[in-house]
Number of protein chains: 2
Amino acid sequence: MARSTNARRPATLASLAAELGVSRTTVSNAYNRPDQLSPELRRRVLETARRLGYPGPDPVARSLRTRKAGAVGLLLTENLSYAFRDPAAVGFLEGLALACEDAGQGLLLVPASPEREDVAAVHRAGVDGFVVYSVPDDDPHLAAVLERPVPTVVCDQPEIDSVDSVGIDDRAATTALARHLIELGHRRIGVVCMRLGRDRNDDFVPLERQRDAHFHVQRTRLTALADAFATVGVDWATVPVVERFDHTTASGESAAAQVLDRDPEITALICTSDILALGAMTEAGRRGLRVPQDLTVTGFDGIPEAERAGLTTVRQPVLEKGRAAGRLLLDSAEHGRPRRVTLDTELIVGRTSGQPRAAAQIWYGP
Amino acid sequence: MARSTNARRPATLASLAAELGVSRTTVSNAYNRPDQLSPELRRRVLETARRLGYPGPDPVARSLRTRKAGAVGLLLTENLSYAFRDPAAVGFLEGLALACEDAGQGLLLVPASPEREDVAAVHRAGVDGFVVYSVPDDDPHLAAVLERPVPTVVCDQPEIDSVDSVGIDDRAATTALARHLIELGHRRIGVVCMRLGRDRNDDFVPLERQRDAHFHVQRTRLTALADAFATVGVDWATVPVVERFDHTTASGESAAAQVLDRDPEITALICTSDILALGAMTEAGRRGLRVPQDLTVTGFDGIPEAERAGLTTVRQPVLEKGRAAGRLLLDSAEHGRPRRVTLDTELIVGRTSGQPRAAAQIWYGP
DNA sequence: TGGATGGACCGTAACGTTTCAGAACCAATA
DNA sequence: TATTGGTTCTGAAACGTTACGGTCCATCCA
């Protein structure tokens with residue numbers, strides 16, 4: 001059977017050069033450095049390439065030779081569904097994508113689901129650097145990234161020696177939020193937080209688990225809350241803290257319910273993300289609790305939906321965070337010590353925080 | 001000056017083999033096929049690797065040899081900001097990312113801004129296939145993708161010979177929407193659509209430009225509207241159609257204003273996306289027009305925000321679209337003719353469509 | 001006419017890996 | 001003892017490209 005010309009072994013730069021009777025270098029130059037050969041020869045090369053079905057230099061072979069992949073890897077060990085549904089994560093992604101686009105670099109989403117222990121995807125990623133966004137500090141994927149000999153920027157992670165990082169001052173931001181609540185008079189509070197480790201624990205969080213939390217951001221916020229409320233005599237051990245693995249409004253609802261079931265007397269429910277807070281508001285409404293008269297609810301992030309809802313929260317510049325991470329990674333200038341970028345946050349006092357009933361009596365009482 | 005051992009030329013599989021006095025094959029096997037060598041030797045290999053700082057097989061070299069990049073390229077020639085701000089696009093991305101994750105493949109966002117004529121990024125992308133999402137049919141990036149000898153799936157694009165595609169029946173969906181409005185009695189309408197070509201034209205759209213629109217989806221929807229309204233005697237040439245380059249609610253606002261300025265008598269404003277429709281509602285409110293009593297507004301996509309707003313729209317399964325595109329691309333089974341996946345849509349009649357004033361008089365008059 | 005200049009092109013040597021067919025060895029079987 | 005079968009390891013050949021350091025030759029100027 002005669003084979004069509006298409007079916008034969010695909011053309012390469014070398015075969016094209018042979019066909020033309022020129023050197024491989026010349027063919028390479030025809031694509032990469034048009035000024036290095038005569039226009040006439042270049043035309044012939046390109047025409048012959050078309051005739052032979054040569055699709056141009058193979059990107060992988062090129063990468064091998066030039067030692068440049070032209071892409072940045074993004075590691076976010078989060079179930080991708082949640083990542084794309086969390087406006088804060090999407091904003092980060094947008095910022096990072098913009099930085100990459102500006103630099104003409106691709107952005108590779110590395111397939112690393114939390115369940116999958118398989119680190120091979122990290123090894124297989126052909127990238128010039130990694131951005132690691134909010135993964136547990138004991139995640140094997142993170143370890144695998146750090147073993148790769150490429151620059152890395154971590155974001156919302158504990159600082160690592162000799163690795164650049166981007167983040168906010170979670171402690172200061174949380175402290176400001178806590179002070180706001182303290183000044184309003186809240187002393188009996190509950191907390192809803194995101195997952196604290198790689199294992200699922202949709203339940204109350206013992207002090208030990210809070211202290212050993214593997215998500216740096218969550219741990220820092222909890223500690224800051226504990227410290228702030230300690231200054232006004234609140235025993236943190238008595239504060240109900242509930243954790244949710246899935247980062248959804250539904251989680252916020254059920255977690256709020258769990259806290260309120262345990263201690264119906266709390267006057268404020270502090271959530272470590274807006275998504276959770278929005279769910280908590282739903283649950284409050286379901287119980288006939290008015291916000292903020294009966295219950296103060298706060299979030300964290302400052303996503304648009306929270307703003308619309310008038311949520312008291314901490315706004316953080318998520319897009320800038322992504323952009324900063326990208327810039328840091330792509331700015332290849334030599335730098336001795338690791339660079340740290342800390343972005344500003346802003347306490348947004350909305351309509352969901354107010355004085356607790358008891359405090360209100362003190363203020364407005366006889 | 002003595003150099004630290006770190007500064008010397010990085011270790012490779014070959015140098016590691018030399019150090020150990022074994023063949024390269026054996027070292028390769030130590031990483032990729034542990035069952036092919038004795039546990040003892042494997043331990044030695046891995047230990048020596050650690051000592052020499054060998055980070056494991058280079059992913060690019062591996063890709064060159066295996067002819068697998070382990071990643072899928074996504075081409076969306078849209079300003080990335082708008083892509084990440086459009087819930088429909090994010091939903092698509094989520095679906096595609098899920099499909100890739102399931103298959104253990106990476107997802108590479110190819111940096112191709114609409115302004116940038118530079119197609120090099122497409123050539124440079126080390127991927128096993130491409131997904132092309134809603135780019136103009138004359139986009140040079142698309143042409144570059146089609147020249148690459150890798151499988152491709154196009155989405156929301158005109159069908160291309162021998163290329164798989166995913167989409168919805170835009171014509172049928174739009175026709176259903178138009179019929180709904182026609183049955184309500186609307187005859188005098190205005191249209192707000194997304195951009196129709198690579199050039200910016202934030203203005204009214206002549207018939208010719210509608211017909212020659214390079215965005216398949218927009219073109220199809222406009223044609224379907226024209227045909228549907230033609231059946232009830234509406235001369236499409238008299239229908240104000242306004243285009244906006246940027247896909248934002250602000251665009252929806254200004255476009256609605258432009259239409260209403262031109263013809264304040266219209267009873268329905270049809271927008272080809274929910275984002276635009278939400279903006280149009282804002283503008284209607286600003287003018288004191290009640291929706292739907294004074295003005296009917298419709299969208300397209302069925303994003304959550306539209307649902308909350310009670311928008312009359314067409315819901316399309318954006319996540320499924322992304323997932324289907326990914327599955328199609330990654331299902332490497334040989335298939336003769338190109339595959340076409342058409343997903344179902346649903347007309348959502350919300351609170352933003354009603355009878356026009358004139359029609360209402362007919363119904364409820366004396 | 002000699003020498004300098006610069007454009008056009010070339011040959012070789014990597015880049016770091018996987019694959020494939022087999023070699024060497026050893027134990028067990030006939 | 002010869003044969004078989006299995007495990008463990010090897011050598012050489014790709015995979016397709018670009019970097020580097022040239023050579024060659026026509027042209028220009030003095």
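Predicted model, so just to flag it, every value in this text is computed and none were measured.
Among the nucleotides C:dC9, D:dT17, D:dC9, the one closest to the side chain of B:Ser38 is D:dC9. Out of C:dT18, C:dC10, D:dG16, the shortest distance to the side chain of B:Leu64 is found at D:dG16. Checking C:dG16, D:dA19, D:dT17 against every side-chain atom of A:Ala61, the shortest atom distance belongs to D:dT17. Which of D:dT17, C:dC10, C:dC15 sits closest to the side chain of A:Arg67 comes down to C:dC15. For B:Thr12, the listed nucleotide lying nearest its side chain is C:dG16; candidates were D:dT18, D:dT10, C:dG16. The side chain of B:Gln36 sits closest to D:dT8 out of C:dA13, D:dT8, D:dT10. Between D:dA19, C:dG16, D:dC9, one nucleotide has an atom nearer to the side chain of A:Thr25 than all others, and that is D:dA19. For B:Asp58, the side-chain atoms get nearest to C:dG16 when compared with the rest of C:dT18, D:dT17, C:dG16.
A:Tyr54 has a side-chain polar atom (N or O) that falls below the 4.0 Å cut-off from OP1 or OP2 of D:dT17. Taking side-chain N and O atoms only, A:Thr26 has a distance below 4.0 Å to OP1 or OP2 of C:dC10. The side chain of B:Ser28 places an N or O atom within less than 4.0 Å of a non-bridging phosphate oxygen (OP1 or OP2) of C:dT18.
Among the atoms of the strands shown, none is found under 4.0 Å from any heavy atom of A:Arg42. Among the protein residues, A:Val60 comes within range of no part of the nucleic acid, since none of its heavy atoms lies under 4.0 Å from any strand. Using a 4.0 Å heavy-atom distance criterion, A:Asn29 is classed as making no nucleic acid contact.
For the pair A:Tyr31 OH and D:dA19 C1', the interatomic distance rounds to 19 Å; values are reported in whole Å. Rounded to a whole Å, the NZ atom of A:Lys68 is 23 Å from the P atom of D:dG16. To the nearest angstrom, C1' of C:dG16 lies 18 Å from CD of B:Glu19. To the nearest angstrom, C1' of C:dC10 lies 14 Å from CZ of A:Arg33. The CG-C1' distance, from A:Leu13 to D:dC15, rounds to 13 Å in whole Å. We find that CG of A:Leu37 is positioned 13 Å from C1' of C:dC10, with the value rounded to whole Å. B:Arg124 has its CZ atom 13 Å from the C1' atom of D:dT18, to the nearest Å. Rounded to whole Å, the distance from CZ on A:Arg24 to C1' on D:dT18 is 10 Å.
Interface remark: the A:Arg65 side chain does not form any donor-acceptor pair with the D:dT17 base, using a distance-only criterion of under 3.5 Å.
Salt bridge absent: B:Lys68 and B:Asp128 never bring a charged side-chain N and a carboxylate O closer than 4.0 Å. Taking a cutoff of 4.0 Å between a charged side-chain nitrogen and a carboxylate oxygen, B:Arg67 and A:Asp58 qualify as a salt bridge. Note on A:Glu47 versus A:Arg44: no salt bridge recorded, every NZ/NE/NH1/NH2 to OD/OE distance being 4.0 Å or above. B:Glu94 and B:Arg323 are not joined by a salt bridge, as no carboxylate oxygen comes within less than 4.0 angstrom of a charged side-chain nitrogen.
Side-chain N or O atoms of A:Arg148 include one that pairs as donor or acceptor with a backbone N or O of A:Ala125 at under 3.5 Å.
Counted within 6.0 Å of CZ on B:Arg340, heavy atoms from surrounding residues, nucleotides or ligands total more than 12; the atom is thus considered enclosed.
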